[in-house]
Number of protein chains: 2
Amino acid sequence: MELVAAKLKFIEAWGKLGSEWGINRTMAQVHALLLISPEALTTEEIMDALSISRGNANMTLRDLIGWGLIEKQHKAGERKEYFFADKDVWNIARQVAKERKKRELEPVLKVLNELSTVVGDEKDPEYKTFKKSVNDINKLAVNVDKTLETMLKAEESWFWGSILKVFK
Amino acid sequence: MELVAAKLKFIEAWGKLGSEWGINRTMAQVHALLLISPEALTTEEIMDALSISRGNANMTLRDLIGWGLIEKQHKAGERKEYFFADKDVWNIARQVAKERKKRELEPVLKVLNELSTVVGDEKDPEYKTFKKSVNDINKLAVNVDKTLETMLKAEESWFWGSILKVFK
DNA sequence: ATAAACTTTCAATAATTTTTGAAAGTTAAA
DNA sequence: TTTAACTTTCAAAAATTATTGAAAGTTTAT
């Protein structure tokens with residue numbers, strides 16, 4: 001396959017995966033584009049490469065900065081802004097894990113904790129089933145949370161080394 | 001909080017989490033409803049509880065069966081179908097992991113592998129950056145895949161025991 | 001065979017999400 | 001201070017996704 005075709009395929013695949021996991025497809029595509037760009041790109045270049053509007057590019061880049069995945073750069077003597085992506089895949093994974101944990105896992109964990117405190121008649125099957133499901137989900141969520149917490153602080157080789165050694 | 005209010009809150013929270021992770025909100029809500037129902041429910045009961053149409057309920061229930069999360073039940077002497085959710089949270093987690101791995105991770109892994117084989121000029125920064133990002137993502141994806149593979153076969157207490165012991 | 005009870009399908013509609021593009025805003029050089 | 005270069009905003013439009021509901025389909029009892 002040609003490099004140009006391969007790049008397009010990568011951008012498309014990354015966009016598809018993103019949208020399947022609740023991430024705006026364009027945001028994932030812009031991220032993909034920057035991940036395979038050796039140099040920082042301007043808004044103009046991104047608009048052209050992905051055929052998107054200035055407004056869309058601007059908002060998407062702002063979001064990516066908010067996710068901690070890219071940064072603005074300035075070149076001496078130039079007015080326009082350049083965008084550059086961190087290429088360290090372990091950093092990226094940790095950053096995404098950190099944000100999704102904060103934005104989506106923690107709020108639901110808060111609700112689950114609150115729901116765990118609801119009291120009722122232990123003889124009531126409705127109550128018993130509710131309580132069991134909520135508590136069990138809560139326990140799982142806490143384990144996931146702990147694992148993510150560890151991952152966020154971990155060195156890549158140590159993390160996978162530990163996990164895969166145990167699992168063998 | 002009242003049990004009735006708590007149930008609604010749980011259904012809402014589960015629906016929200018689902019939609020944030022690319023799962024149809026209604027599907028997550030129906031699943032939540034069945035998770036806290038001690039008895040199997042009819043389509044009619046689900047429609048009423050969530051204020052959704054028959055068509056929506058029918059399609060959603062079919063999808064949940066496709067995800068391996070609920071099953072149809074029949075009661076002796078009755079024509080109508082009942083739906084019952086597996087309440088084992090570890091089973092649920094494994095089932096969801098299994099399906100998402102199959103539907104979303106594996107297709108992207110296939111593309112990444114294909115893209116890893118693209119050859120080019122090692123002096124070309126465009127090629128070098130492309131290759132490095134694709135390879136690094138591929139490696140991470142393989143580790144995630146292996147971990148999920150282990151999880152799918154694992155007993156809950158062994159899995160978390162192993163992980164959290166190492167991380168401590 | 002017919003009817004009653006129930007389920008499925010899917011074209012039309014509604015709701016939500018994403019994108020556009022032009023106007024307003026900002027910054028820095030002339 | 002004016003202008004040019006660039007960025008940001010956001011209401012309107014477009015695209016996508018989800019939902020409805022009624023007709024068609026199926027199954028079982030009579």
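Distance NZ (B/K75) to P (C/dC6): 14 Å, rounded to an integer number of Å. For the pair B/E81 CD and D/dG25 C1', the interatomic distance rounds to 13 Å; values are reported in whole Å. We find that CG of B/L61 is positioned 16 Å from P of C/dC6, with the value rounded to whole Å. Between B/K80 atom NZ and D/dA29 atom P there is a gap of 14 Å when expressed in whole angstrom units.
Put simply, the side chain of B/Y82 never gets that close to the backbone of B/E39: no donor and acceptor are under 3.5 Å apart. Proximity of a side-chain donor or acceptor of A/W90 to a complementary backbone N or O of A/A154 within less than 3.5 Å is detected.
The ring of A/F167 has its center no closer than 6.0 angstrom to the ring center of A/W160.
In the model, A/Q29 has no side-chain atom that pairs as donor or acceptor with a side-chain atom of A/W14 under 3.5 Å. No hydrogens or angles considered: a donor-acceptor pair under 3.5 Å links the side chains of A/N138 and A/N113.
Between A/K72 and the phosphate of D/dT8, there is a side-chain N or O to OP1/OP2 separation shorter than 4.0 Å. The phosphate of C/dT7 has neither OP1 nor OP2 within less than 4.0 Å of any side-chain N or O from B/N58.
Along DNA chain D, the nucleotide nearest A/E78 and the nucleotide nearest A/M59 are compared for position; the residue whose nucleotide lies closer to the 5' end is A/E78.
Nearest nucleotide to the B/R79 side chain, out of D/dC10, D/dA4, D/dT28: D/dT28.
Using a cutoff of 4.0 Å between basic side-chain nitrogens and carboxylate oxygens, B/R94 and B/E156 are not scored as salt-bridged.
Contacts with DNA chain C (heavy atom under 4.0 Å) in residues 23-57 of chain B: B/R54, B/G55, listed by number.
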